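What follows is a set of notes on a single structure, which appears directly below.
Per chain, numbering begins at 1; letters A, B, ... match sequence-line order. Values in this document were obtained by computation on a predicted structure and should not be read as measured data.
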Amino acid sequence: MTQARYNAREAEPRWQKTWDERGIFATRNDDPRPKYYVLEMFPYPSGRIHMGHVRNYTMGDVVARYKRARGFNVLHPMGWDAFGMPAENAAMERKVHPKAWTYDNIAAMKTQLKSMGLSLDWSREIATCDPAYYRHQQKMFLDFVRAGLVERKQSKVNWDPVDQTVLANEQVIDGRGWRSGALVEQRELTQWFLKITTYAQDLLDRLDTLDRWPEKVRLMQKNWIGRSEGLLLRFMLDPATTPNAESELEIFTTRPDTLFGAKFMAIAPDHPLATAAAKANPALAAFIAECKRQGTAQEVIETAEKQGFDTGIKAVHPFDPNWTLPVYVANFILMDYGTGAIFGCPAHDQRDLDFVNKYGLGNTPVVCPPGVDPKDFVITDAAYDGDGRMINSRFLDGMTIEAAKEEVARRLERETRGNRPVAQRQVNFRLRDWGISRQRYWGCPIPMIHCEACGVVPVPEQDLPVVLPEDVSFDKPGNPLDRHPTWKHVACPQCGGAARRETDTMDTFVDSSWYFARFTDPWTTSAPTDVAVANRWMPVDQYIGGIEHAILHLLYSRFFTRAMRATGHLGLDEPFAGLFTQGMVVHETYRKKDGAWAAPAEVRIEGPEGNRRAFLIDGGDEVEIGAIEKMSKSKRNTVDPDDIMETYGADTARWFMLSDSPPERDVNWTEDRVQGAGRFVQRLWRLIGEAADIAKAAPAQKPAAFGEAALALRKAAHGALAKVSAEIEKLHFNVCVAHIYEFTNAFGDAVNTKSDAPDFAWAVKEAADILVQLFQPMMPHLAEECWAALGHGNLAAQAAWPEADTALLVETTITLPVQVNGKKRADVTVARDAANADVEAAVLALEAVQKALDGKAPKKVIVVPQRIVNVVA
RNA sequence: GCGGGCGUGGCGAAAUGGUAGACGCAAGGGACUUAAAAUCCCUCGGGCCGAAAGGCCUGUGCCGGUUCGAGUCCGGCCGCCCGCACCA
């Protein structure tokens, strides 16, 4: 006897236990079936899962369960991105060890994830803070060193004064640290770099092959890599004006066509020529110091005025020995792009124009827009960067921009000075090498040793892993590894003399750049991967995560895949064949009279949509209903997944997450809709119970013929099956949900007839089975409960996906809408394969059509077979 | 500034160039009930005609275009969102 109400709190843990005991989600590497690797971005173990996790992991689980039912050997693992700053912050604030804090959090979050009923293979669980994981990362680092993919260099770095560490360019958002939010400062430090620029061209080229990635993400990466083609060009300097023996200035330009519009040269404040010139010029030195003081913080750049300082040096125009250009030090020239020097053509570059207008250097237009008389073409305060023909440019006059670029390149390439061509074509990238040194404790130690005598020496492989010491203190800011009394003191592996360990640890983005490969065989101890196994599983067929990783994590992982291929740890080019970026979970905000935020759980809502008011449950004060925003601790508009699981169960939460909003868009969490999802769970349970009673009258054999009611139900069931299957493949989960609702309505109507005719009973049984299987990927616990109630001996999670009987879906007669002059006026029912002429005749015979024609003769009748008919009068 | 995306009922949304608003939420009405919850049924873009059945007009941010036919394609605006941003 089935219960009246479905008790999720009782049923969900029971089925989780069953899945666990039978080990049905453990994936074997020697399974002969075709593979499917579905992966969601693994979480940082912050302590509790949030609704964003619930949404992300529900989507992945739907795909995993669906593909499993479709007969694939599915790899669906989970792990922990476990190194990082918050563990150290907790250590400082609460005097707990980062390791203990992290592992406690992992345990708590694992319990939460398990309560969601995710079909994960927990036997492959990895934590990046485990030496069993990071030892392989250290090994790969050493391999990368040997392969020339690592560099140690001094560079200007982004320094986060709050976290007291270096940040990669990618981690600086609007001039602030991505985690601390502090204004980033500039510092000169010696850092370890991974040479991601080695693959800049390949990372760019292969974006085109990632046809199952969102266009948006590919574009963002393309812009980030930022390729530009141009000319590297050496200007001769007037010797009488130069300090020391500097004789030339090398610049990079993408606009060699505008050379005859040049009015000045500009170099970065930290350009060697600037430094040399400043030695004899205190005013210039002061100017340079001022530029450096301003730094590169984005906020400063946006508002800073173009400023320059005339060095007195003169550069000679490459096409005219009698034409010299003043060389300025300018605050808007970056040392780390191109050569840190430019020639300025104010007429066609806004920055250059702003600059000359300030210093009175004038401008000469050299590109004239089509349809404009060159005599009338004057530039005042808006530079022209559009298309046109060359003017005021001697031998270039009349050429297109492209032709002029080519002509300049051709002439200067041929010309030599000091055995070298004056110019050469060059490709430049915006992408910088990836600085991975972090002055932190809770990260993967960089396995290098500094020896006074031998220099920088790698840790011998037999000494790996370099394990983090556990006896550290967090009572002072800075890096505890640096302060540790003994850890950093080691013997040099080469000379045996006293040496010092590298105390910087790796950026945690390194950890997440290869975990997907480790999941393929996390048991291998001798190497990061079993290459053969990894190659069989990779690439990840469907990767799901937040858009916030569009550049950072995804670009680093693409780089790592290439670096691992180069060092023999992986044999493919691209790690993620399919990528899906899901939207955020958002919620209304509530503001109390005193300006403080109120949490949803503290608020009671009254009134209908359009006139809703919110009151504090405690005290009854009215609170202001604010904007719908991303769930965040600061706005207190979060809903705790545990509370939802407790009240409604995991299936309701999962169903809600998939309903309504398209997965790539933000979903607004509202109590009403969650309740709606909860009601649907109960409704399904009730309906399946009633269907199970009817099904008892079903014959064992499929009936030879079906009555009208039975046939209609079968059509609904197989139609839903076909549609849901197609939409799930496209990850259109909200559309799947709508089709399941629609089918459930039809199913409910059928069940309510209470007929017990054998053919009908058989159809009900078939429809019930299909319905349960359709929602199994979304609501797996309820599905098991229903599946058992329908008398199945196996688990719903292991049942094969049913095949839609397409023959049922082909109607012999169809009803087409009939338009007259594009407006619908009638319907016509014809044979499915009726000839167009017959359809036309039937349509013209319709009374409604004749009425709409109002005596006019039809000029044309357009029949789109099985679609629509349009009569044009 | 550059690049990209989006704009459909009270709300979330659906719609290979082919019946706009499927499906859900909210709302209103009704049934059942001592009552409530739960459940079930009906209505639900706007306007007009009709007792009703039904019919007509209008409608996918705005203006144009292509087409037998446009939410969908093209051009130009307006608004919102996102990414990048002194990259030579």
Side-chain angles (χ1 to χ4, degrees), chain A residues 4-5 173-174 214-224 226-228 230-231 251-255 258 266 268 296 298 300-302 304 306 330-334 336-345 349-352 354-355 385 428-432 547-548 550-551 607-612 656 659-662 664-668 670-677 679-680 682-683 686 732 734-745 748 752 815-827 848 851 858-864 866-873:
Chain A
R5 276 186 77 78
I173 316 289
D174 292 336
E215 187 58 40
K216 182 190 170 83
V217 174
R218 289 194 281 172
L219 216 93
M220 281 164 73
Q221 291 212 352
K222 187 179 171 206
N223 291 338
W224 188 265
R227 181 184 199 272
S228 56
L231 211 57
I251 62 104
F252 174 73
T253 179
T254 56
R255 292 298 300 273
T258 63
T296 58
Q298 243 59 279
V300 178
I301 288 165
E302 274 166 44
K306 306 275 171 289
N331 64 347
F332 63 98
I333 306 301
L334 306 172
D336 56 0
Y337 186 80
T339 61
I342 63 151
F343 80 84
C345 175
D349 183 291
Q350 192 59 47
R351 291 159 305 176
D352 296 349
D354 293 345
F355 190 78
D385 60 1
N428 251 303
F429 294 95
R430 210 193 74 113
L431 183 69
R432 297 276 90 86
I547 186 77
E548 66 272 22
I551 296 171
E609 200 83 47
N611 189 29
R612 297 165 70 250
F656 170 85
S659 312
D660 295 347
S661 289
E664 69 279 7
R665 235 178 275 182
D666 291 350
V667 63
N668 185 16
T670 68
E671 191 66 20
D672 280 338
R673 283 171 203 185
V674 178
Q675 280 177 19
R679 275 198 299 272
F680 186 59
Q682 294 300 336
R683 181 164 173 234
R686 224 172 24 245
H732 293 172
N734 58 319
V735 184
C736 291
V737 164
H739 287 311
I740 291 173
Y741 268 121
E742 205 170 5
F743 172 42
T744 302
N745 291 341
N752 279 338
T815 300
L816 302 178
V818 177
Q819 297 180 333
V820 177
N821 290 328
K823 289 198 168 98
K824 197 206 164 191
R825 297 295 176 185
D827 290 305
K851 193 178 150 209
K859 284 202 200 95
K860 187 153 67 157
V861 178
I862 292 150
V863 178
V864 185
Q866 294 167 54
R867 271 275 168 208
I868 199 167
V869 183
N870 193 9
V871 181
V872 186

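Put simply, the side chain of A/Asp827 never gets that close to the backbone of A/Thr815: no donor and acceptor are under 3.5 Å apart. Judged by distance alone, the side chain of A/Asn870 and the main-chain N or O of A/Ile862 form no donor-acceptor pair under 3.5 Å. Looking only at distances, no side-chain donor or acceptor of A/Arg825 sits under 3.5 Å from a matching main-chain atom of A/Ala848. Not one N or O on the side chain of A/Gln682 forms a donor-acceptor pair closer than 3.5 Å with the backbone of A/Arg5.
B/G24 is paired with B/C11 under the criterion used here, namely a Watson-Crick or G-U wobble arrangement in which both key atom distances are under 3.5 Å. Under the Watson-Crick and G-U wobble criteria, each requiring two contacts below 3.5 Å, nucleotide B/G17 is left unpaired. Figure legend. B/U39 is base-paired to B/A31; pairs are counted as Watson-Crick or G-U wobble with both atom distances under 3.5 Å. Nucleotide B/C6 forms a Watson-Crick or G-U wobble pair with B/G79, both donor-acceptor distances falling under 3.5 Å. Pairing for B/G45 is with B/U58, a Watson-Crick or G-U wobble pair whose two hydrogen-bonding atom distances lie under 3.5 Å. B/C84 and B/G1 make up a base pair, with Watson-Crick or G-U wobble contacts both under 3.5 Å. In this structure B/G69 sits in no base pair that meets the Watson-Crick or G-U test at under 3.5 Å.
A/Phe252 comes within contact range of at least one nucleobase, with a heavy-atom separation under 4.0 Å. Residue A/Arg825 is in sugar-phosphate contact alone, with no base atom involved, counting any heavy-atom pair closer than 4.0 Å across all strands shown. Here A/Ser661 lies in heavy-atom contact (under 4.0 Å) with sugar-phosphate atoms only. Across all strands, A/Gln819 comes closer than 4.0 Å to base atoms (heavy-atom distances). Nucleic acid contact class of A/Ile333 (heavy atoms, under 4.0 Å, all strands): base. Residue A/Lys823 is classed as a sugar-phosphate contact, given heavy-atom separations below 4.0 Å to backbone atoms only. Within 4.0 Å (heavy atoms only), A/Leu219 reaches sugar-phosphate atoms of the nucleic acid but no base atom.
The separation of B/C44 from B/G54, taken at their P atoms, amounts to 11 Å, rounded to a whole angstrom. Separation of the P atoms belonging to B/U66 and B/C74 is 16 Å when rounded to the nearest angstrom. Rounded to whole Å, the P atom of B/C86 lies 35 Å from the corresponding atom of B/A13. Nucleotides B/G79 and B/C25, compared at atom C1', are 27 Å apart to the nearest Å. Distance check on atom C1': B/A53 versus B/U58 gives 23 Å, rounded to whole Å. Taking atom P on both nucleotides, B/C56 is separated from B/G21 by 15 Å, rounded to a whole Å. The gap from the P atom of B/C57 to that of B/G1 amounts to 46 Å, rounded to the nearest Å. When the P atom is compared between B/C81 and B/G45, the two are found 30 Å apart, to the nearest whole Å.
When the side-chain nitrogen and oxygen atoms of A/Arg432 are compared with OP1 and OP2 of B/C87, none of them lie within a distance under 4.0 Å. Residue A/Arg665 has a polar side-chain atom (N or O) positioned under 4.0 Å from OP1 or OP2 of B/A13. Contact check, A/Asn745 against B/G24: a side-chain N or O comes under 4.0 Å of OP1 or OP2. Within the 4.0 Å cut-off from OP1 or OP2 of B/G24, not a single side-chain nitrogen or oxygen of A/Asn734 is found. Between A/Arg679 and B/C25 there is a side-chain polar atom (N or O) within less than 4.0 angstrom of OP1 or OP2. Applying the 4.0 Å criterion to OP1 and OP2 of B/G24, one finds that A/Tyr741 has every side-chain N and O outside that range. Regarding contacts with the backbone of B/A88, a side-chain N or O of A/Ser228 is found under 4.0 angstrom from either OP1 or OP2.
Listed candidates were B/A85, B/G12, B/C68. Nearest to the side chain of A/Lys860 is B/C68. Side chain of A/Tyr337, nearest nucleotide from B/C23, B/A85, B/A88: B/A88. The listed nucleotides are B/U39, B/C87, B/A22; the one nearest the side chain of A/Leu334 is B/C87.
Judged by distance alone with a 3.5 Å cut-off, a donor-acceptor contact links the side chain of A/Lys306 to the base of B/C86. For B/C68, the base has a donor-acceptor partner in the side chain of A/Asn870 [N/O atoms by modelled type, under 3.5 angstrom].
Atom pair A/Glu671:CD and B/C11:C1' shows a separation of 16 Å (rounding to whole Å applied). Between A/Asp827 atom CG and B/G18 atom P there is a gap of 17 Å when expressed in whole angstrom units. As rounded to whole Å, 9 Å separates atom P of B/C86 from atom CZ of A/Arg351. One atom, CG of A/Asn668, and another, P of B/C11, lie 13 Å apart when rounded to the nearest Å. Nucleotide B/A13 holds its C1' atom 16 Å from the CD1 atom of A/Ile740, rounded to whole Å. Per the geometry, NZ belonging to A/Lys216 stands 6 Å off C1' belonging to B/G83, to the nearest Å. If you measure from atom CG of A/Asp660 to atom P of B/G12, you get 10 Å, rounded to the nearest angstrom. For the pair A/Ile868 CD1 and B/G18 C1', the computed distance is 4 Å after rounding to whole Å.
Where A/Ile547 and A/Pro817 each meet RNA chain B at their nearest nucleotide, the meeting point lying more 5' is that of A/Pro817. Nearest-nucleotide assignment on RNA chain B puts the 5′-proximal partner with A/Val869, out of A/Val869 and A/Gly338.
Note on ring orientation: taking the six-membered ring where Trp is involved, the planes of A/Tyr337 and A/Phe252 are perpendicular (angle over 60°, cut-offs 30° and 60°).
Contact annotation: the side chain of A/Arg432 approaches that of A/Asp336 to within less than 4.5 Å [non-hydrogen atoms, C-beta and beyond].
Taking the centre and axis of the six-membered ring of A/Phe332, the NZ or CZ atom of A/Lys306 falls inside the cone set by 45° and 6.0 Å.
Rounding to the nearest 0.5 angstrom, the gap separating the CD1 atom in A/Ile342 from the CG atom in A/Asp349 is 7.0 Å.
By the rule that a glycosidic angle within 90° of 0 means syn, B/G9 counts as syn.
Checked by atom type, the side-chain pair A/Arg683/A/Asn745 shows a donor-acceptor distance below 3.5 Å.
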